[in-house]
A.B. asks: 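Quick one: the structure is below, questions incoming.
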Protein chains: 2
Amino acid sequence: MYLPSLAQLALGSRLKSLSDHFYAAVDEVYRSCGAGVESRWFPVLRFLWEHGETTVSDVALAIGQTHSAVSQLADKLVDAGLVQRKKDAQDGRRSLLVLTEKGQSALSALGPIWVAVRRGIMRSLGEEGLTTLLAALAATEQALEERPVVDAMLAEHAALTSAELEIIPYAPALKDHFYRLNAQWLERHFRIEDIDRELLGDPERYVLAPGGAIFFARLAGEVIGTCALLQESPGVYELSKMGVDETFRGMGAGRSLLAAAIAEFHRREGRELFLESNSRLKTALRMYEQVGFVLQPSVRAGSHYERADVYMVYQPGKRRPARAARG
Amino acid sequence: MYLPSLAQLALGSRLKSLSDHFYAAVDEVYRSCGAGVESRWFPVLRFLWEHGETTVSDVALAIGQTHSAVSQLADKLVDAGLVQRKKDAQDGRRSLLVLTEKGQSALSALGPIWVAVRRGIMRSLGEEGLTTLLAALAATEQALEERPVVDAMLAEHAALTSAELEIIPYAPALKDHFYRLNAQWLERHFRIEDIDRELLGDPERYVLAPGGAIFFARLAGEVIGTCALLQESPGVYELSKMGVDETFRGMGAGRSLLAAAIAEFHRREGRELFLESNSRLKTALRMYEQVGFVLQPSVRAGSHYERADVYMVYQPGKRRPARAARG
DNA sequence: TGTATTTACGTTAGTGCTTACATAATTGTT
DNA sequence: AACAATTATGTAAGCACTAACGTAAATACA
């Protein structure tokens, strides 16, 4: 399943899917018990059952739908003989919905089914799973009511677009971010090799001590990307461990990190700068080319990584040979 | 809001409502940022962005929708110029969906908006609220996949309908149920008065010791209802503290409890049996009438309860006088 | 009292999805 | 190789809901 990996971004879709799932499940139970009702009728029927005759808009307000929806639902319930429309004597505009005798008895007969539904859900989700789900739903409903989410989003957007992207050098407090940001793409596309784990876990020893450098990109206070420059041998540098948080891509962080690393390479008057990567990482490769890396015909001899199938060398000025050079 | 009070029973409706809420919120943000996309497109677009060209059914499988839905969505995306349909060279049946250049750049530009959406949700729900919601959703999705909820419901239903309702006398282990079952309806319709709290909290002292009795209804191992017979003065009994778990109503538990209490009244050769209630409790009043209680013209003198506005006396044989007795 | 505004409801058109069906291409079987 | 079965997709019809509109009744206000 792909959606859960999107977490907050696909909340709407995930909730919808769960909703459909429950509706369908309950409908199937109703059907196979011969209940003669549909799951979507439940809120209205139950409300009328508990509260007696009620106007269309009061029902709509209570169950959180529009009056049209309730009105149309009422049509069906009337057709099914479960509900009756009565004119309000005091107020001629209002139309009171009441359960008919048939509706009353149908709902009473539904009792055991509701219990079964409830216990079935509990059995399937587990008692704890169900309570946490219900608690989370209630909290979300309340939060959305109290703190309009649109305003919050727009405020965040304004803050983000006005914030400036900073590139900062390594500091011990940022060590965990170095691991996190790299683990993200490694886990998604490949797997974390032993050599990764070692290097990412102790960057001071494996990157800084041998004469390398690490940069971080920070936006509005959040560390969103990183990039390392390793000194392989005197004057020979490797660009590596470049990672930008998935949710912050496309904002230029990668490009800025790359620029910072290359600037550092020049500042140290390095002789050679190369990188190893994988052909699957299309957007990264495109970016490398754009800043001056040139694809080499074969993998670098003695690469440390299983996943390396691309070898590029920094040769600003040179362009990658065009495909149809002869023509 | 009424729905949350229904808890598990209206899960579908509540999830749907939340889903709509999120869709609408994100759409509004997209619109006011001039993003030119709709929130419902997100799963497809994002998937294509991450995975490149993909067949219709693979997309559908990944985002958990039908191929038709994806196909129709693709029509719109093509209209919007974000996606292109390509024929698969190997397999003529397949239709590959790919982002166009415009689609690529639109999605890249969307980065900051997604971040804002994500942070906005977090700000609105709170960091903890969001994590618990996501965790609960993930757990639910997984549970539904592993343990089909329909089967669980049907199994519970079978167990319930074959189970027999038992009426059992008071036992110390059941004390807490006496409080719980009565608190439920008291809190919903009235409020718990001091006299309630005292009596419900120590039934042995206030009900049994003065010569009363308490019964419980049990179904499939669950205690679902209770009812008390209080001795007010020698030979004079009060029927009181009758409560059936909301989710187990309409299964005859109330009627059985009532019958047990009346039988006990006869067994003790009581002289008078009365009850106090409230006119709002329609179903209960109807039941009392059916078993032989007769509505009295005025409230009983010196009632202990604020909520009492109905006074009934057990007079089997007598019926309530008909409304139009004269005609 | 007469007129504008508000309220309650129903109706219509449209949206996003589903199910059911149709069609074309591929694969399996003999 | 010929035919049936399967697979991938698109299309049509239907459902649940919404938004927008129209109408009737009630209310506010001068």
Side-chain angles (χ1 to χ4, degrees), chain A residues 3 10 12-28 31 37-44 53-80 83 85-97, chain B residues 3 10 12-28 31 37-44 53-80 83 85-97:
Chain A
L3 277 190
S13 305
R14 292 174 72 190
L15 290 166
K16 173 89 173 17
S17 151
L18 276 185
S19 162
D20 290 344
H21 206 118
F22 280 113
Y23 275 134
V26 175
D27 268 331
E28 199 172 327
R31 219 174 14 253
V37 297
E38 293 183 22
S39 60
R40 308 187 105 94
W41 301 354
F42 177 80
V44 171
E53 57 183 40
T54 317
T55 66
V56 170
S57 8
D58 286 348
V59 172
L61 187 68
I63 68 175
Q65 300 214 329
T66 58
H67 74 271
S68 323
V70 174
S71 177
Q72 293 172 50
L73 231 174
D75 289 344
K76 278 176 213 158
L77 295 175
V78 169
D79 281 351
V83 161
R85 272 197 166 97
K86 295 205 317 198
K87 271 281 154 211
D88 186 325
Q90 275 85 51
D91 188 334
R93 295 166 303 177
R94 294 187 214 193
S95 156
L96 293 167
L97 302 181
Chain B
L3 278 190
S13 305
R14 293 174 71 189
L15 290 166
K16 172 90 173 16
S17 153
L18 277 185
S19 162
D20 290 344
H21 206 118
F22 280 113
Y23 275 134
V26 175
D27 268 330
E28 198 173 329
R31 216 172 19 250
V37 298
E38 293 182 21
S39 60
R40 308 213 170 231
W41 301 352
F42 177 80
V44 171
E53 58 182 38
T54 316
T55 67
V56 170
S57 9
D58 286 346
V59 172
L61 186 69
I63 68 175
Q65 299 214 328
T66 59
H67 75 270
S68 317
V70 173
S71 177
Q72 293 171 46
L73 232 174
D75 290 343
K76 280 178 212 157
L77 295 175
V78 169
D79 282 351
V83 162
R85 272 196 166 95
K86 297 205 316 198
K87 272 282 155 213
D88 187 325
Q90 276 84 52
D91 187 335
R93 294 167 304 177
R94 294 187 211 190
S95 156
L96 293 167
L97 302 181

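Quick caveat: nothing in here was measured; it's all calculated off a predicted structure. In what follows, chains are A, B, ... by sequence order, proteins preceding strands, each numbered from 1.
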A.B. asks: Could you go over nucleotides 1-3 of chain C and give all protein N or O partners under 3.5 Å, atom names and distances?
C.D. replies:
none

A.B. asks: Expressed as a whole number of angstroms, how long is the span from A:E53:CD to C:dA8:C1'?
C.D. replies: 16 Å
A.B. asks: Please confirm whether the shortest side-chain N or O distance from B:S71 to OP1 or OP2 of D:dG10 is below 4.0 Å.
C.D. replies: yes
A.B. asks: Tell me the interatomic distance from B:K86, atom NZ, to D:dG10, atom P, rounded to whole angstroms.
C.D. replies: 15 Å
A.B. asks: Taking all heavy atoms of A:S19 and all of B:L15, pick out the closest pair and write down the distance.
C.D. replies: CB-CB, 3.6 Å
A.B. asks: Can you list everything that forms a side-chain hydrogen bond (donor to acceptor under 3.5 Å, both in side chains) with A:D75? Sequence neighbours excluded, please.
C.D. replies: A:R85
A.B. asks: Considering only side-chain heavy atoms of B:R94, which listed nucleotide, C:dT11, C:dA8, D:dA8, is closest?
C.D. replies: D:dA8
A.B. asks: Which heavy atom of B:S39 sits nearest to which heavy atom of B:P43, and what is that distance?
C.D. replies: O-CD, 4.1 Å
A.B. asks: Just by distance, no angles: are the side chains of A:S17 and A:D20 close enough, under 3.5 Å, to form a donor-acceptor pair?
C.D. replies: no
A.B. asks: Quick one: A:D79 CG to D:dA16 P, roughly how many Å, whole number?
C.D. replies: 12 Å
A.B. asks: Indicate the atoms forming the closest heavy-atom contact of A:R93 with A:D91, along with that distance.
C.D. replies: NH2-OD2, 2.7 Å
A.B. asks: Verify, without hydrogens or angle tests, whether A:K87 (side chain) and A:G92 (backbone) share a donor-acceptor contact under 3.5 angstrom.
C.D. replies: yes
A.B. asks: Grab the CD-P distance between B:E28 and D:dA19 for me, whole Å please.
C.D. replies: 12 Å
A.B. asks: Rounded to whole angstrom units, what separation is found between the CG atom of B:D75 and the P atom of C:dT15?
C.D. replies: 14 Å
A.B. asks: Going 5' to 3' through nucleotides 16-25 of chain C, assign each nucleotide B (protein heavy atom under 4.0 Å from a base atom), S (under 4.0 Å only from sugar-phosphate atoms) or - (no protein heavy atom that close).
C.D. replies: SBBBB----B
A.B. asks: Taking all atoms of both residues into account, what is the closest heavy-atom pair of B:R94 and B:T55, and its distance?
C.D. replies: CD-CG2, 3.5 Å
A.B. asks: Have a look at A:V70 and tell me which of A:L77, A:L61, A:T54, A:V56 forms a side-chain contact (heavy atoms from CB on, under 4.5 Å) with it.
C.D. replies: A:V56
